[in-house]
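Shown next, in structure tokens, is the structure this report addresses.
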Protein chains: 2
Amino acid sequence: MDSMGIMVRKQTAADQALRLDNQICFAVYSTAHAFNRVYKPLLDRLGLTYPQYLVMLALWERDDVAVKDLGERLFLDSGTLTPLLKRLEAAELIKRTRSTEDERVVLIALTAQGHALREKAKAVPQSILAASDCSVGELLAMKDEIVALRDRLNAALGE
Amino acid sequence: MDSMGIMVRKQTAADQALRLDNQICFAVYSTAHAFNRVYKPLLDRLGLTYPQYLVMLALWERDDVAVKDLGERLFLDSGTLTPLLKRLEAAELIKRTRSTEDERVVLIALTAQGHALREKAKAVPQSILAASDCSVGELLAMKDEIVALRDRLNAALGE
DNA sequence: CTCAATTGAATTGTGCGCAATATAAATTAT
DNA sequence: ATAATTTATATTGCGCACAATTCAATTGAG
């Protein structure tokens, strides 16, 4: 109520918290999509989608790894990775082979083409940096903050 | 080459930039998924998915709006929104009606149930805040930085 | 050693996200 | 007024994400 006795909606903290513009989750969600859209034309030239690019980044650092291991590094499960990896295999960028030591494990290794693609990919980060219109230092600082948030969120899940 | 004349791979800036851990895009991507996983059990109680929750947040601020308008606020197109809105209509949270002034336009309005759901949703942000294990001030500061980045990325798209 | 429990991957089903296309309504140009 | 263009939404197809389930291989308890 205001002083005239007319019903006025009180803007509580809970009301404020529900505003779209106040939500960090929406900021993160919409920025992820913005990144995806900036990456799209660059990755089209490599014949990769953005999630496939992430898988290739992980494999360029270390391959001959289990699907499980890849999933832990990328925070993805087999439901996402299995079909994605089959598409990368169809594109002859990776090879999937059952481990002889443990027949449950499928090992992912890069093919020669998969290794070679890394050279073409080297140009990508530079383009992204340009699109972000931001210094490397600023981006790395933000990255650290966001990763810290992600890790706290993931920790909350495990409780 | 090192001093012994043995071939040693030089770690160039381009090599560093391809490291998964150095990529802000992966930080944003994986944090968006982490948020989604934290939201899931909370939103299940409301019968909403996370994108549906975002649509409801937007509508609680202003409804009786065109699909186009909703899309601009959420950075989504009709290919995403049309089926999502049909599901919200099936759940009787919203009503879709053709505008009489412009028959191309579909107006989205909340139903009584749609309005009512807002009360149940008020508890959500508090739970997210707790999971993020972060002060409101820190989160708002990060949010502003991320939104600024998103806006620069989107601006780069328009060029 | 045997059987239950666990583990790693694959499968199924649902819901985004988006490019490309289609369609109908409105606007503009001629 | 008619044709060409633009605009708003819908549809189709593909590729994630992820929950839930299945299945085979491995491990562990008794």
Side-chain angles (χ1 to χ4, degrees), chain A residues 25-26 28-41 43-44 47-56 65-91 94 96-108 154 157, chain B residues 25-26 29-41 43-44 47-56 65-72 74-91 94 96-108 154 157:
Chain A
C25 63
F26 176 60
V28 171
Y29 167 91
S30 53
T31 304
H33 292 323
F35 265 121
N36 196 31
R37 289 191 281 266
V38 171
Y39 268 104
K40 180 115 197 349
L43 296 183
D44 278 350
L48 295 174
T49 66
Y50 179 66
Q52 289 169 7
Y53 174 66
L54 291 180
V55 167
M56 294 302 288
V65 292
V67 173
K68 175 102 201 279
D69 178 84
L70 216 42
E72 280 168 5
R73 285 200 268 163
L74 297 168
F75 304 95
L76 296 173
D77 67 4
S78 73
T80 301
L81 286 175
T82 296
L84 186 157
L85 292 170
K86 285 183 176 175
R87 281 186 284 271
L88 287 181
E89 187 174 43
I94 65 164
R96 298 159 67 247
T97 47
R98 289 265 162 203
S99 166
T100 50
E101 287 160 31
D102 185 338
E103 295 266 346
R104 294 170 304 181
V105 171
V106 169
L107 292 172
I108 308 298
N154 281 332
L157 278 175
Chain B
C25 63
F26 176 59
Y29 166 90
S30 54
T31 305
H33 292 324
F35 264 120
N36 196 32
R37 289 191 280 266
V38 171
Y39 268 103
K40 179 112 197 350
L43 296 182
D44 278 348
L48 296 174
T49 65
Y50 179 67
Q52 288 169 8
Y53 174 68
L54 290 180
V55 167
M56 294 302 286
V65 293
V67 172
K68 175 105 202 280
D69 178 84
L70 215 44
E72 280 168 5
L74 297 168
F75 304 95
L76 296 173
D77 68 4
S78 75
T80 301
L81 286 175
T82 296
L84 186 157
L85 292 169
K86 284 184 176 174
R87 281 186 283 271
L88 287 181
E89 187 175 44
I94 66 164
R96 297 160 66 248
T97 49
R98 287 267 162 202
S99 166
T100 49
E101 288 160 32
D102 186 338
E103 294 266 345
R104 294 170 305 181
V105 171
V106 170
L107 293 172
I108 308 299
N154 282 332
L157 279 175

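Residue numbers start from 1 in every chain, and the chains themselves are labelled A, B, ... in the order their sequence lines are given, proteins ahead of strands.
- B:Tyr29 has a side-chain polar atom (N or O) that falls below the 4.0 Å cut-off from OP1 or OP2 of D:dA17.
- The shortest distance between the side-chain N/O atoms of A:Gln52 and the OP1/OP2 oxygens of D:dC16 is below 4.0 Å.
- Legend: residues meeting side-chain hydrogen bond (donor to acceptor under 3.5 Å, both in side chains) with A:Tyr53, ordered by chain and number and at least two apart, are absent.
- Contact annotation: A:Thr49 side-chain N/O to D:dC16 OP1/OP2 distance is under 4.0 Å.
- Axis angle, first five pairs versus last five pairs of the helix from C:dC1-D:dG30 to C:dT30-D:dA1: 10°, rounded to 10°.
- Proximity of residues 74-84 of chain B to DNA chain D (heavy atom under 4.0 angstrom from any strand atom) is restricted to B:Ser78, B:Gly79, B:Thr82.
- Every side chain to side chain contact (heavy atoms under 4.5 Å, CB included) that A:Thr31 has, sequence neighbours left out, goes to A:Phe35, B:Val28, B:Ile146, B:Leu149, B:Arg150, B:Leu153.
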*Tell me, for nucleotides 1-8 of chain C in 5' to 3' order, what letter each nucleotide earns: B for a base near a protein heavy atom under 4.0 Å, S for only sugar-phosphate near one, - for neither?*
------BS
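- Counting only heavy atoms from C-beta outward, the side chains of B:Leu48 and B:Leu88 approach each other to under 4.5 Å.
- Between A:Lys86 and D:dC16 there is no side-chain N or O to OP1 or OP2 distance below 4.0 Å.
- Among the protein residues, A:Glu72 comes within range of no part of the nucleic acid, since none of its heavy atoms lies under 4.0 Å from any strand.
- Under the side-chain hydrogen bond (donor to acceptor under 3.5 Å, both in side chains) criterion, B:Glu103 pairs with no residue, sequence neighbours left out.
- For A:Arg96, the side-chain hydrogen bond (donor to acceptor under 3.5 Å, both in side chains) test picks out A:Glu89, with sequence neighbours left out.
- Listed by chain and residue number, B:Asp102 satisfy the salt bridge (charged side-chain N to carboxylate O under 4.0 Å, His left out) test with B:Arg104 (two or more places apart in sequence, or in another chain).
- Applying the ring pair (Phe, Tyr, Trp, His ring centres under 6.0 Å) criterion to B:Tyr29, with sequence neighbours excluded, gives A:Tyr50, B:His33.
- Interface residues of residues 32-40 of chain A facing DNA chain D, ordered by number: none; criterion, heavy-atom separation under 4.0 Å.
- Checked against side-chain hydrogen bond (donor to acceptor under 3.5 Å, both in side chains), B:Lys86 has no partners two or more places apart in sequence or in another chain.
- Under the rule for a side chain to side chain contact (heavy atoms under 4.5 Å, CB included), the partners of A:Thr80 that lie at least two apart in sequence or sit in another chain are A:Leu76, A:Asp77.
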